[in-house]
Colleague: 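Quick one: the structure is below, questions incoming.
Order of the sequence lines sets the chain letters (A, B, ...), proteins ahead of strands, with each chain counted from 1. Values below: all heavy atoms of this structure, side chains included; hydrogens, waters and symmetry mates excluded.
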Number of protein chains: 2
Amino acid sequence: MGAAAQQAAEENEEWAGVTPDAARRLVSAAVEAFAERGYHATTTRDIAGRAGMSPAALYIHYKTKEELLYRISGIGHEKALRIMGAAAEAPGSAPERLRDAVRTFARWHAEHHTTARVIQYELQALSPEHYAEIAGLRRQTDRLLRQIIQDGADSGAFHVDDVPGTTLAVLSLCVDVARWFSADGSRTPDEVGALYADLVLRMVGAPPLPATGKSG
Amino acid sequence: MGAAAQQAAEENEEWAGVTPDAARRLVSAAVEAFAERGYHATTTRDIAGRAGMSPAALYIHYKTKEELLYRISGIGHEKALRIMGAAAEAPGSAPERLRDAVRTFARWHAEHHTTARVIQYELQALSPEHYAEIAGLRRQTDRLLRQIIQDGADSGAFHVDDVPGTTLAVLSLCVDVARWFSADGSRTPDEVGALYADLVLRMVGAPPLPATGKSG
DNA sequence: ACCGGACCTAAGCGCTTGCTCAGTGCCGCG
DNA sequence: CGCGGCACTGAGCAAGCGCTTAGGTCCGGT
């Protein structure tokens, strides 16, 4: 399987939970369009066109354009939360858990920068009710990361003066990968994850960990 | 002078170079609206209304809505570049210059988070020609910061494996302040600047600098 | 007193937007 | 073969968009 086919397969897999096929094609098309131009600059005609349908077909599967964004945001944020949760609840020392959390979280934002861009930068376009729901998922992610950093501070493995502030900075750093990362740039998602894990361990005043060779 | 009046005075000062008065009021209104809803979700009627004029008045001072964004982007990016330049060209060791660069750059993004949000997150709405021009300013800012980090690495004051990657991360960290910072949050711009300067010095493997007390 | 021009408004043009709806083609089932 | 249901389309509606135009007001200069 070539690189392009591999990419396409991953794209499909990302929305595997969305059925039927037409609904999945619409989500996929919407993510592409929203990431490229932004939610408000994207027309329902554009989304339907990318999915190979007439404009009206969109409304058989989604009540409004906003509902499409809501579905994308929900699925994306749940995935991000699971990634952070897996690292936070894994066995291991605080430095190990922080390294894995940052490595996988940053790498996901690079690998899925299209989706990540939409869910991180188009939130304001959600309805107030939908926004509140998504904000809850974000708070959970934040809490998981803060607990890792707090654990390390408590055990003396980290030296941080401001745990909430440092948590915010680490999260901000990872999230912003979605803004600048480009698939045709010089860095692979794996490299971004490794670099960011290293930088964050320094931020919390932890001594470098021995390399494990595994990538997450 | 009360806090609200102080805020208003600073807002006015930010666009002091824009004349006549009506043109300045329009820029100020546009920044507010773009930051709140995004460029594409903002109507020219909204901008004119906030500036206390009829929709048509906008077109006496600006040819298009995009030109307003272009002016805002230009002024904002030039200011950001001057802040980075001042720190980069100041006398002092690489750690001192990096600390001051990050402190002032991050603080500006917090203090002027409304403007910063527009110039950092609405770039894609610029015409290709205008975008290219603004991208040049951004490259200059990047180069200034990278040189500080390179200087520190060369002199042995910093320990960085990947200078371009670390530069990108530091810039990303500071820029993203504009996304999450809120004026009614618990952190002042000064505090954000101080925290970020400290975190970044750790990222480059520099020993902590003695506190200077000065904030700029 | 009068004029030219800078500045502004009321009205509205042509177009695009999100979304709707009557109707079409196609499917499995009897 | 006929039928009911479903995914889908072509056409289009009401509203809102960026922007224009014709005309009014005010003000400094002569």
Side-chain angles (χ1 to χ4, degrees), chain A residues 12 15 17-73 118 122-131, chain B residues 12 15 17-73 118 122-131:
Chain A
N12 284 349
W15 308 108
V18 183
T19 53
D21 183 68
R24 179 168 49 249
R25 263 156 51 220
L26 284 165
V27 174
S28 193
V31 168
E32 245 182 66
F34 292 162
E36 225 171 78
R37 313 199 214 289
Y39 175 83
H40 288 292
T42 299
T43 67
T44 55
R45 284 163 178 81
D46 182 22
I47 297 169
R50 286 177 195 241
M53 309 179 197
S54 78
L58 193 152
Y59 294 90
I60 293 161
H61 301 283
Y62 302 95
K63 266 184 295 201
T64 63
K65 177 177 142 184
E66 191 268 351
E67 194 193 326
L68 254 171
L69 177 64
Y70 170 59
R71 296 282 179 96
I72 292 163
S73 289
V118 175
E122 304 292 335
L123 280 178
Q124 51 150 19
L126 289 170
S127 74
E129 299 77 32
H130 288 163
Y131 178 84
Chain B
N12 284 348
W15 308 107
V18 182
T19 53
D21 182 69
R24 179 169 48 250
R25 264 156 51 220
L26 283 166
V27 173
S28 193
V31 168
E32 245 183 63
F34 291 163
E36 224 171 78
R37 315 198 211 288
Y39 175 83
H40 288 292
T42 299
T43 68
T44 54
R45 285 163 177 82
D46 183 22
I47 297 169
R50 285 178 196 240
M53 308 178 198
S54 76
L58 192 152
Y59 293 91
I60 294 160
H61 302 282
Y62 302 95
K63 266 184 296 200
T64 62
K65 177 177 140 184
E66 191 268 350
E67 194 193 327
L68 254 171
L69 177 64
Y70 170 59
R71 296 282 178 97
I72 292 164
S73 289
V118 175
E122 304 293 336
L123 280 178
Q124 51 150 16
L126 289 170
S127 73
E129 299 80 29
H130 287 163
Y131 178 84

Colleague: Give me each pair satisfying ring-ring contact (aromatic ring centres under 6.0 Å, His included) with a member in residues 35-54 of chain B, each pair once, sequence neighbours excluded.
Modeller: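 Qualifying pairs, neighbours excluded: B:Phe34-B:Tyr39.
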Colleague: Could you work out, with side chain to side chain contact (heavy atoms under 4.5 Å, CB included) as the rule, every residue matching B:Pro20, not counting sequence neighbours?
Modeller: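 Listed in chain order: B:Ala23, B:His61.
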Colleague: Checking A:Tyr59 now: which residues fulfil side chain to side chain contact (heavy atoms under 4.5 Å, CB included) with it, not counting sequence neighbours?
Modeller: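 Side chain to side chain contact (heavy atoms under 4.5 Å, CB included) list for A:Tyr59, sorted by chain: A:Thr44.
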Colleague: Going by ring pair (Phe, Tyr, Trp, His ring centres under 6.0 Å), name the residues that satisfy it together with B:His130, two or more places apart in sequence or in a different chain.
Modeller: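 With sequence neighbours excluded, B:His130 shows a ring pair (Phe, Tyr, Trp, His ring centres under 6.0 Å) to B:Tyr70, given in chain and number order.
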Colleague: For B:Lys65 and D:dT20, give me the distance from atom NZ to atom P, rounded to whole Å.
Modeller: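 Distance, rounded to whole Å: 14 Å.
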Colleague: Between protein and nucleotides 11-13 of chain D, what N or O pairs are separated by less than 3.5 Å?
Modeller:
residue: D:dG12; atom: O6; partner: A:Arg45; partner atom: NH2; Å: 3.4

Colleague: Using the salt bridge (Lys or Arg N to Asp or Glu O under 4.0 Å) rule, collect all pairs that involve residues 58-69 of chain B, keeping only residues at least two apart or in two chains.
Modeller: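 Counting only pairs at least two positions apart or across chains, the salt bridge (Lys or Arg N to Asp or Glu O under 4.0 Å) contacts touching residues 58-69 of chain B are B:Glu67-B:Arg71.
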Colleague: Show the nearest heavy-atom pair for residues B:Ala35 and B:Val118, with the distance to one decimal.
Modeller: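 Heavy atoms only, the tightest pair is N-CG2, 3.6 Å.
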Colleague: Please find the earliest and latest nucleotides of DNA chain C, in the 5' to 3' direction, that have an atom within less than 4.0 Å of any heavy atom of chain B.
Modeller: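 Endpoints of the contacted stretch of DNA chain C: C:dC8 to C:dG12.
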Colleague: What is the minimum heavy-atom distance between B:Ala30 and B:Ile72, and which atoms define it?
Modeller: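 Smallest heavy-atom distance, with atoms named: CB-CD1, 3.9 Å.
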Colleague: Between the protein and nucleotides 24-26 of chain D, which nitrogen or oxygen pairs are less than 3.5 angstrom apart?
Modeller:
none

Colleague: Work out which heavy atom in B:Leu58 is nearest to a heavy atom in B:Leu26; give both atom names and the distance.
Modeller: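 Distance-wise, the nearest heavy atoms are CA-CD1, 4.0 Å.
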Colleague: Keeping to residues at least two apart or across chains, list the salt bridge (Lys or Arg N to Asp or Glu O under 4.0 Å) pairs with something in residues 46-58 of chain A.
Modeller: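 Of all non-adjacent pairs touching residues 46-58 of chain A, those that pass salt bridge (Lys or Arg N to Asp or Glu O under 4.0 Å) are A:Glu32-A:Arg50, A:Glu36-A:Arg50, A:Arg37-A:Asp46, A:Asp46-A:Arg50.
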Colleague: Mind calculating the distance between CG (B:Asp46) and P (D:dC19) to the nearest angstrom?
Modeller: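 Going from CG in B:Asp46 over to P in D:dC19 covers 15 Å.
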Colleague: Can you tell me how far apart CG (B:Leu126) and CG (B:Leu69) are? Round to the nearest 0.5 Å.
Modeller: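 Atom-to-atom, B:Leu126:CG and B:Leu69:CG are 4.5 Å apart.
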Colleague: Please produce a list of atom pairs where a protein N or O lies less than 3.5 Å from an N or O of nucleotides 4-8 of chain D.
Modeller:
residue: D:dC8; atom: OP2; partner: A:His61; partner atom: NE2; Å: 2.8

Colleague: Compare every heavy atom of A:Ala33 with every heavy atom of A:Thr42, then report the nearest pair and how far apart it is.
Modeller: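 What the structure gives for the nearest pair is OG1-O, 3.3 Å.
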Colleague: Applying side chain to side chain donor-acceptor pair (under 3.5 Å), can you list everything that pairs with A:Tyr62, at least two apart in sequence or on another chain?
Modeller: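 If we apply the side chain to side chain donor-acceptor pair (under 3.5 Å) test to A:Tyr62, skipping adjacent residues, there are no hits.
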Colleague: Kindly give the heavy-atom pair with the smallest separation between B:Pro55 and B:Ala48, and that separation in Å.
Modeller: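 Looks like CA-CB, 3.7 Å.
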